[in-house]
Amino acid sequence: MHESLPFDETDVRVSTGQLPSLLEVEQFLHEAYVHYRDDDGGAVADYIPALAEVDPSLFGACITGAAGLFTEVGDAHHPFSIQSVSKAFVFALVCDALGHMEVLDKVGVNGTGLPFNSVMAIELNDDRTMNPMVNAGAMATTSLVPGETVEAKWAYVQDGLSRFAGRRLEVDEDVYASETATNLRNQGIAHLLDGYGRMYADPDESTDIYTRQCSLLVTAHDLAVMGATLANGGINPVTGERAVSTPTCKRVLAVLATAGLYERSGEWLYEIGIPGKSGVSGGIVAIAPGKGAIGVFSPKLDEAGNSVRGQKLVKNLSQRLGLNLFASAPTGFTGALAEPN
Ligand code: DON
């Protein structure tokens with residue numbers, strides 16, 4: 001299962017199509033936005049004090065195609081801290097730098113089925129870290145970021161995520177300070193992993209870089225561009241700059257499909273059928289390989305920490321835009337030897 005393929009992976013064919021016309025995408029996005037605008041379900045995250053201060057009514061979304069065209073609605077340019085959505089892109093950078101087999105070995109890629117900050121998930125699994133989308137695996141991943149010093153590692157993360165966004169991303173210093181003052185659980189997880197030999201740099205420094213990466217300010221527009229870069233074989237479709245290699249993208253998307261929405265990942269894939277990643281500030285990125293990505297921001301969350309309106313909007317658009325990777329239509333053939341109808 002884990003042996004290398006006997007040919008160059010960059011030559012493999014792909015199984016993807018195209019988005020509908022920009023006009024249709026625009027219309028469906030607008031309709032979905034209006035439909036969910038007054039949905040009041042969920043609650044804003046407050047375990048990071050700075051996040052509790054956000055206006056819960058904010059709601060914005062953007063769709064960026066793999067060719068760089070985009071359309072957006074509502075508060076698509078309102079900045080918020082990226083939080084766990086960063087895990088997808090830092091994993092992409094580390095997977096790219098180390099090779100996908102090394103991260104498979106050092107971090108793992110199977111879902112935990114448990115909440116994002118679960119300590120039980122570490123204790124219950126012999127490999128300790130299970131995947132890079134929950135806090136334990138994400139901090140282990142951040143500990144693998146190349147660089148001799150903390151600042152060099154941080155620059156690698158900030159530069160890399162900025163390449164995905166196509167603009168310089170900066171830290172929200174209030175969110176960073178607020179989380180740094182309250183993230184004892186993450187510090188504990190990092191030390192626990194270190195005890196098990198599953199942190200690959202100093203646990204406190206790695207927790208600090210992880211906290212900074214979570215505090216980077218983005219917008220729904222940025223998330224759509226970042227996702228579209230993963231949908232476009234690693235090249236940012238707006239700037240034309242390569243963020244990561246093409247084979248890295250399919251690995252990142254595979255991990256998102258199994259673990260991007262934590263213990264709700266199965267339901268997400270069942271209902272929506274494309275890889276996605278959520279964060280506690282209310283951002284979600286959903287990626288349709290070869291087609292593009294949806295970035296959405298709405299701060300009220302379900303109990304698993306996923307944006308309520310964000311999930312509904314993506315579910316609606318996945319259906320209307322034909323994004324579900326598992327959907328097919330009958331070909332019209334009735335049997336192997338029959339003529340088409
Ligand atoms: O580590 C934390 O708890 C936060 N910086 C990020 C958690 C998060 O976004 C979970 N997502 N839904």
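Whatever order the structure lists ligands and atoms in, that order sets their numbers, starting from 1.
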N or O pair under 3.5 Å between Val280 and ligand 1: yes
Restricting to heavy atoms, the pick from Arg212, Lys277, Gln83, Glu179 nearest atom 6 (C) of ligand 1 would be Gln83
Cut-off 3.5 Å, side chains only: do Asp96 and Thr248 have a donor facing an acceptor? yes
Provide the number and element of each atom of ligand 1 under 4.0 Å from a heavy atom of Cys214. 5 (N)
Can you tell me which residue and heavy atom of the protein come closest to atom 12 (N) of ligand 1, and the distance to 0.1 Å? Gly305 O, 2.9 Å
Heavy-atom side-chain proximity of Phe297 to Thr219 below 4.5 angstrom: no
Give the residue and atom name of whichever protein heavy atom lies nearest to atom 1 (O) of ligand 1, and the separation in Å to one decimal. Tyr210 OH, 2.6 Å
Pair Glu31 + Arg320: basic N to acidic O under 4.0 Å: yes
For the residue pair Asn183 and Tyr210, confirm or rule out a side-chain donor-acceptor distance under 3.5 Å. no
N-O pairing of Arg163 and Asp159 below 4.0 Å: no
Under 4.0 Å, heavy-atom basis, I'd like to know which part of Asn135 is in contact with ligand 1: side chain, backbone, both or neither. side chain
What's the shortest distance from atom 10 (C) of ligand 1 to any protein heavy atom, and which residue and atom give it? Ser84 OG, 2.9 Å
From the options Tyr176, Tyr47, Tyr262, select the one whose nearest heavy atom is closest to atom 2 (C) of ligand 1. Tyr47
Test your reading of the model: is there a side-chain donor-acceptor pair from Ser162 to the backbone of Arg168, 3.5 Å cut-off? no
Side chains of Ser298 and Tyr36: donor-acceptor distance under 3.5 Å anywhere? no
Answer side chain, backbone, both or neither: which part of Asn186 comes under 4.0 Å from ligand 1, heavy atoms only. side chain
